[in-house]
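Structure, as structure tokens:
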There are 2 protein chains.
Amino acid sequence: MPANNTNECDYEYNSEETLTLNVPSEYCDACLNGSTDSCSNGCLNNVKDVEEDKEAGGDAVKIITRYADGSVKLRNPNIELMDQDILYHLALGSESHDLQEMFGDVKFVCMGGTPKRMENFAHFIMNEIGYKLPAGTQLQDISAFSYRYSMYKVGPVLSISHGMGTPSVSILLHEIIKLMYHAKCKDPVFIRIGTCGGIGIEGGTVIITEEALDGHLRNSHEFTILGKTVHRPAKLDKKLARELKSLSSADDPYDTIIGKTLCTNDFYEGQGRLDGAFCEFSENEKMEYLEKLRDFGVVNIEMESSIFAALTHYAGIKAAIICVALLNRLNGDQVNSPKEVMNEWQQRPQMLVSRYIRKVLSHQGQLKSFYSQHGSIKSPRRFKLVQQESQAHE
Amino acid sequence: MPANNTNECDYEYNSEETLTLNVPSEYCDACLNGSTDSCSNGCLNNVKDVEEDKEAGGDAVKIITRYADGSVKLRNPNIELMDQDILYHLALGSESHDLQEMFGDVKFVCMGGTPKRMENFAHFIMNEIGYKLPAGTQLQDISAFSYRYSMYKVGPVLSISHGMGTPSVSILLHEIIKLMYHAKCKDPVFIRIGTCGGIGIEGGTVIITEEALDGHLRNSHEFTILGKTVHRPAKLDKKLARELKSLSSADDPYDTIIGKTLCTNDFYEGQGRLDGAFCEFSENEKMEYLEKLRDFGVVNIEMESSIFAALTHYAGIKAAIICVALLNRLNGDQVNSPKEVMNEWQQRPQMLVSRYIRKVLSHQGQLKSFYSQHGSIKSPRRFKLVQQESQAHE
């Protein structure tokens with residue numbers, strides 16, 4: 001990391017805020033403020049990591065996480081020595097399934113909380129990229145027999161549910177990264193599509209995460225490995241975030257912004273809500289906290305970003321997080337918008353992801369090949385009529 | 001808490017272990033060793049909490065968490081002032097649903113990871129307690145429209161999936177405790193039915209958790225509330241644990257034991273597995289860690305116990321955790337037992353819970369009333385014959 005960041009560490013930070021927010025002393029002000037990517041001031045952000053190696057001009061990132069052909073390499077020497085690798089929570093195995101045949105063409109791994117949302121996304125993206133299924137087939141939940149996550153595949157796109165909270169995402173990412181390795185996927189991009197609470201922004205706003213912060217506002221995720229505390233930077237690909245932002249349209253009837261995302265381990269007390277089973281703070285204390293988050297640059301709160309950023313970054317995988325705000329937390333705690341409105345809002349991050357995937361596929365000439373495929377339906381109007389006729393003759 | 005515990009704090013503890021395991025200095029040796037419930041030695045375990053109040057002979061626990069009739073009282077003054085309370089993740093609301101009519105008779109809240117296991121448990125317990133559904137009805141997933149958790153109700157028993165990891169359990173417990181309050185449930189008992197990795201015990205062994213430990217071997221769960229770190233004791237009801245143990249039978253072809261449970265935030269690195277996407281420790285270091293856990297009294301590792309114990313304890317709810325070990329981690333990382341064997345193993349904690357529920361209901365005379373109800377089936381043999389005849393005439 002560059003040595004000339006030292007001056008930025010002199011950034012003035014209100015010491016009262018530091019106290020109230022319980023900001024750890026091991027992070028310096030500039031790093032907490034996000035004004036520098038890594039720090040020479042001796043704070044915790046001074047972690048030697050892949051990204052820094054890359055910034056320093058080295059090819060360390062590629063050597064560690066990619067083979068020469070761009071396919072995913074694991075930071076674990078044990079896997080290639082194993083007879084078989086069972087991906088329990090996906091109901092897949094390296095010797096029971098031909099993972100390269102099944103998943104070798106995957107370029108985009110999209111994840112979100114619920115099986116329902118990710119099933120919907122699979123159908124949505126299928127239509128958007130013009131991907132045709134063979135006659136007499138339908139999408140199948142590949143991981144149905146794990147009873148834990150749902151996974152759908154639409155050509156180069158995987159659509160997977162990750163459940164709620166960082167541990168659930170952690171299990172999934174370990175197995176999906178191993179899946180990318182077994183399948184020899186080349187430079188896959190991971191995108192989390194989520195919902196969140198907004199801080200000072202209205203419901204329906206689309207937020208692209210600039211960096212993920214943990215509950216103590218550190219731009220890292222805390223792991224406990226063999227009983228020891230390990231911090232890994234929770235960094236996302238800034239270029240990808242800007243590219244996604246550039247795909248928002250002036251015609252969109254909502255804002256798309258880039259900002260810091262706070263990741264918590266709880267929905268109620270952990271996000272300063274007054275309406276959990278327990279609450280021992282006042283509305284004033286809550287508002288003071290939320291306003292401090294806002295002043296710190298936090299635009300939204302959710303429960304998965306820090307682990308998603310930390311594990312993808314550690315694996316050298318280009319990743320982004322796009323959420324839609326379901327409410328402005330500065331105005332209240334309970335989500336009161338009608339279901340139809342919320343459903344429309346949840347489409348918005350999906351639409352942005354679709355624009356990105358279409359753009360990349362289009363550049364690679366693949367979109368054209370999808371659209372040139374013949375599907376089952378020649379005329380949607382006549383198709384509907386035939387269905388209705390058929391139903392009437394039961 | 002009793003002052004005569006001071007001597008127990010002199011318990012000798014190997015300082016090297018302390019270092020390696022990253023045991024926090026704010027916990028004294030006796031408390032870490034579990035040889036005292038709470039401590040006068042000034043360590044973190046000296047948290048003023050409900051259980052201690054109870055032990056001290058006070059009625060503080062009842063005043064805080066129960067109304068005079070034994071129904072659940074919330075440690076949050078805001079809820080009773082709200083127009084309506086939406087339990088988002090359960091697809092229920094205090095004004096949209098008559099929660100007292102629906103759930104007022106609930107006595108046992110059973111939780112486990114996957115929707116599938118908890119649907120199976122609902123059918124299993126229905127048969128075990130002889131509960132009859134009205135003609136022409138079947139069990140329905142009450143929370144189906146939340147797309148997050150599944151919930152089934154069989155008379156006095158709720159069977160709910162909680163997903164994987166502490167944040168997922170946290171959201172559910174907040175809403176279930178609020179549900180108990182809205183429904184005016186009296187002294188409900190919460191039981192987690194899970195799977196785990198054993199430490200020095202064979203696959204198929206049933207483990208009742210004595211106390212839950214976090215990744216740093218603290219008998220507490222760490223919360224971040226308004227940016228501040230808060231520890232809450234991760235205590236379970238010891239009397240209930242002993243009662244459950246007493247219901248194991250000498251005829252059971254497996255052991256049922258009581259011991260300490262380690263709760264981690266990750267399945268791979270967090271549990272010292274060599275087969276995740278990342279691994280930066282050697283097999284020797286892993287074995288050293290697992291053996292230290294064993295020497296510390298840890299008999300199993302899972303991912304939900306600390307939050308389950310901490311939140312139920314804080315709510316003054318009697319709770320227990322019963323898991324079956326899927327493997328002995330001292331022998332390896334991957335689970336290799338055949339599916340049929342694993343399915344049979346997963347029945348074991350359910351059978352213990354059934355014995356407990358039957359015993360309590362029997363004492364209350366309720367079991368008799370269930371069995372005296374007329375169900376739809378007079379003769380299972382003839383019922384089957386009629387079904388087969390009917391199928392043949394399609």
Side-chain angles (χ1 to χ4, degrees), chain A residues 20-23 74-79 82 85-86 88 113-117 147-148 163-168 170-171 173-175 177-178 181 215-217 223-229 264-270 272 274-281 285-286 289 303 311 314-315 334-335, chain B residues 20-22 74-79 82 85-86 88-89 113-117 147-148 163-168 170-171 173-175 177-178 181 215-217 223-229 264-270 272 274-281 285-286 289 303 311 314-315 334-335:
Chain A
T20 313
L21 287 167
N22 197 24
V23 170
L74 293 180
R75 301 180 79 162
N76 181 355
N78 303 313
I79 303 297
M82 289 164 60
D85 182 22
I86 303 175
Y88 311 100
T114 71
K116 183 73 181 170
R117 195 194 311 146
Y147 305 117
R148 290 176 178 94
M164 287 184 291
T166 59
S168 186
S170 167
I171 297 173
L173 280 175
H174 270 276
E175 298 191 4
I177 292 166
K178 288 201 290 178
Y181 159 77
H216 297 286
L217 302 182
F223 298 81
T224 307
I225 303 175
L226 301 191
K228 292 180 190 127
T229 301
T264 70
N265 285 326
D266 172 44
F267 183 79
Y268 290 98
E269 293 173 289
L274 298 166
D275 60 350
F278 314 120
C279 182
E280 279 150 6
F281 46 81
E285 288 169 319
K286 164 196 146 177
Y289 173 68
M303 295 180 64
L311 290 187
Y314 202 62
Q334 293 231 330
V335 178
Chain B
T20 312
L21 288 167
N22 198 22
L74 293 180
R75 301 180 80 163
N76 181 355
N78 303 313
I79 303 297
M82 289 165 59
D85 182 22
I86 303 175
Y88 311 99
H89 305 82
T114 70
K116 182 74 179 167
R117 195 194 311 145
Y147 304 117
R148 291 177 177 94
M164 286 185 291
T166 60
S168 186
S170 168
I171 296 173
L173 280 175
H174 270 276
E175 298 191 5
I177 293 166
K178 289 202 290 178
Y181 159 77
H216 297 287
L217 301 182
F223 298 81
T224 307
I225 303 175
L226 300 192
K228 291 178 190 127
T229 300
T264 70
N265 285 327
D266 172 44
F267 183 79
Y268 290 99
E269 293 174 289
L274 298 165
D275 60 350
F278 315 120
C279 182
E280 279 152 6
F281 45 83
E285 288 169 320
K286 164 196 145 177
Y289 173 68
M303 295 180 63
L311 290 186
Y314 202 63
Q334 292 231 331
V335 179

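Order of the sequence lines sets the chain letters (A, B, ...), proteins ahead of strands, with each chain counted from 1.
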Go through the structure and list residues passing side-chain contact (heavy atoms from CB on, under 4.5 Å) with Tyr147(A), not counting sequence neighbours. Phe145(A), Thr114(B), Lys116(B)

Counting heavy-atom pairs closer than 4.5 Å to chain A, which one of Asp275(B), Thr264(B), Asp85(B) comes out on top? Asp275(B)

For Tyr268(A), which atoms come within 4.5 Å of any heavy atom of chain B: side chain, backbone, both, or neither? side chain

CD/Gln334(A) to OH/Tyr88(B) distance, rounded to the nearest 0.5 angstrom? 4.0 Å

Between Ala315(A) and Ile177(A), which heavy-atom pair has the shortest distance, and what is it? CB-CD1, 3.8 Å

Ignoring hydrogens, what is the shortest heavy-atom contact between Tyr289(B) and Leu226(A)? Give both atom names and the distance. CE1-C, 3.4 Å

Would you mind checking which part of Ile79(B) comes under 4.5 Å of any heavy atom in chain A, side chain (CB onward), backbone (N, CA, C, O), both or neither? side chain

If you count heavy-atom pairs under 4.5 Å between each of Thr166(A), Asn76(A), Leu74(A), Leu173(A) and chain B, which one has the most? Asn76(A)

Backbone N/O of Phe278(A) and side chain of Tyr314(B): donor-acceptor pair under 3.5 Å: no

Below 4.5 Å, heavy-atom pairs only: which of Lys178(B), His174(B), Lys286(B) has the largest tally toward chain A? His174(B)

With side chains defined as the heavy atoms from C-beta onward, is the minimum distance between Phe223(A) and Asp266(B) less than 4.5 Å? no

Measure Ile86(A) against the heavy atoms of chain B and call it side chain, backbone, both or neither at under 4.5 Å. both

Report the option among Pro77(A), Cys279(A), Gly165(A) that has the most heavy-atom pairs separated by less than 4.5 Å from atoms of chain B. Cys279(A)

Which one, Arg148(B), Met164(B), Glu285(B), Met303(B), leads in non-hydrogen pairs under 4.5 Å with chain A? Met164(B)

Based on non-hydrogen pairs under 4.5 Å, which of Glu280(B), Arg117(B), Met82(B) is most in contact with chain A? Glu280(B)

Do Ser170(B) and Asn265(A) come close enough that some side-chain heavy atom pair is under 4.5 Å? no

